[in-house]
Amino acid sequence: FNFSADDSGDEGPLAQPDRALIQGALKTLASKLEDLNTCNELIGKHGAALQRSLSELEDLRAPTDGADKLKTVNERATLFRITSNAMINACQDFVDLAEAHSRRWQRALQYEREQRHHLEETIEQLAKQHDSLERAWRESPSAEGTLEGESSEENEDIEFFDAMEDSPAFITVPADDHSQHSLSSNWSQDDNDGSGSYLRRGRRCRIPDKPNYSLNLWSIMKNCIGKELSKIPMPVNFNEPLSMLQRLTEDLEYSELLDRAAHCDSSLEQMCLVAAFSVSSYSTTVHRTGKPFNPLLGETYELDRVEEYGYRSICEQISHHPPAAAHHVISQRGWTLWQEITIDSKFRGKYISIMPLGNIHLKFHASGNHYVWSKVTSTVHNIIVGKLWIDQSGDIIIMNHRNKDKCHLKFSPYSYFSRDVPRKVTGVVMDGEGCAHYILSGTWDDKMESAKIIESSHGCGGSEGKQKTVYQTLPPKLMWKKYPLPENAVSMHYFSSLALTLNELEDSMAPTDSRLRPDQRLMEAGLWDEANAEKQRLEERQRLERRKREAQANLALEEGKEAKSHQPLWFEKRTDTETAESSYVYKGGYWEAKDRQDWSHCPAIF
């Protein structure tokens, strides 16, 4: 790197005499502050004395003593006035001195800000170059042979995993070829082929290119620090032309993992595929830093892929503040998935944290296995300075409530100083008694592998006195691999093949479907100014509707009646008999209404 000095007059570094002047000014100000404290104490003292004299004057009974008391009051009032004038003069001196030195302090502060900004840019460049070098080294076919000799071939297969919270640290060692055990035929090599692409039958494969609009981020963000993201009025420049309901539906991109899991004879093998499915839902987010549209209350989204993939999906926005959506998917290939997700998000100045709250339920029709898990935290970095990038971090616990099988997945947060592969995910699949059977490893943006454990033993002591467990495993098998992005995806919001079809208009949709939202359609067409105007109109209309509901609720309370809250059309609150969790689940009727084309009970939200 070549660094050049900044010699642009007042913006340059402060000279030593300037620093000495600042130190002198600070000492003078400290002295003036002591004078102010002294004046404050004198005012308090003389004010109290004056108050006592006035009280004595009120209690005076003998007229002869009046002259002496009045004289005392006048003297104390004069002292109080003199002290007050001294306080005023000291305050004026302090203010004048502060104003005289404010320009020098502003220069110093501006210089420090520029130095910090320059340092951040330098660190970012170093991180990018370090990442590029790492990737180049990994992709080099001769790198491994150059650094390690032939005698280290046995050690090359050893994988080290981070110690997971509430789990012992472990090391996996692949077994020799002669000790390999056969697995279920459902895990054939054909199933592990991740090179396929998302099939499309006459559906669109591109959308209009994203226009290049400049925007002053700081002018919008500076008043938003600490607020919930859903309550910040954002222009569409920060969005992508999909709603949050469509983003939830996009989790089904790798639904074939669940189709394969439905045919597994072993619940533990099934758990591995369910874990791979839970990780695959993040693969589309690695470049997707745009914010999806916050759905309007009562907005819905359907995705009928029965012909291609055997499933039907319906989502509905059941709450606006906080944003909450209910989702239901039923597949003809042996499984049902449902979830109620509430989005909690915070803007922290340099990054945005998105915390999805709520559980995802998955039930297989043949076995009755009922899996439950939740999502991890997503973080968008460099909101103000630098290039936006997204990271996933946290733990996922997947529980089979039928037999208590469990999988613990750990999403490692990115660290510049870590030697681990970026976006790393590791996990352990255990039976109901806590015995480990499979080790899972991979990255949430590329692939997941599983390795069957055939033997375990306690190894040497690990860090912080913890004893590591050594697992001997079969060679890892590929469970899932990300599909390549479509051609020219960088100009189409980095949408996947499925995402490109989500906003495509279809026949017989409900009038509340996200595809019909006007601001979202205008943004997809590249008309961002018109989209911003339409977005403002829709949001104002929704505010008026909310005020109307609140007024009706207040009126009902005044009349002693029960206030009516918003009730979703297609979902109702129930308590799950297995998990005892209360959430909104699909009550039926949507697909029947679509067949009849009877949308008379749908609200006009657009």
Does a side-chain heavy-atom distance below 4.5 Å link [X] with [Y]?
X: Pro422; Y: Thr443; value: no
X: Trp338; Y: Tyr584; value: no
X: Cys435; Y: Met430; value: no
X: Tyr438; Y: Val428; value: no
X: Ile360; Y: Tyr371; value: no
X: Thr501; Y: Arg305; value: yes

Can you tell whether the side chains of [X] and [Y] come within less than 4.0 Å, N to carboxylate O?
X: Asp446; Y: Lys482; answer: no
X: Glu240; Y: Arg247; answer: yes
X: Lys363; Y: Glu578; answer: yes
X: Glu572; Y: Arg574; answer: yes

Establish, yes or no, whether the cationic atom of Lys375 lies under 6.0 Å from the six-membered ring centre of Tyr282 and within 45° of the ring axis. yes
[X] side chain to [Y] side chain, donor-acceptor N/O pair below 3.5 angstrom:
X: Thr284; Y: Glu253; result: no
X: Asn359; Y: Gln339; result: no
X: Asp304; Y: Trp591; result: no

Just by distance, do the side chain of [X] and the backbone of [Y] share a donor-acceptor pair under 3.5 Å?
X: Asp431; Y: Asp405; result: no
X: Thr285; Y: Arg288; result: no
X: Asp259; Y: Arg333; result: no

Applying side-chain hydrogen bond (donor to acceptor under 3.5 Å, both in side chains) to Glu299 and Ser514, what does each step give before you reach the verdict? CA-CA 7 Å; Glu299 187 173 329; Ser514 297; 2.6 Å; yes
Tell me whether the rings of His370 and His361 are parallel (<30°), tilted (30 to 60°) or perpendicular (>60°). tilted
Geometric class of the His381/Tyr351 ring pair [parallel <30°, tilted 30-60°, perpendicular >60°]: tilted
So if I apply the side-chain hydrogen bond (donor to acceptor under 3.5 Å, both in side chains) rule between Ser313 and each of Glu302, His327, His328, which one comes out positive? His327
Identify the residue among Leu245, Ile341, Thr300 that makes a side chain to side chain contact (heavy atoms under 4.5 Å, CB included) with Cys315. Leu245
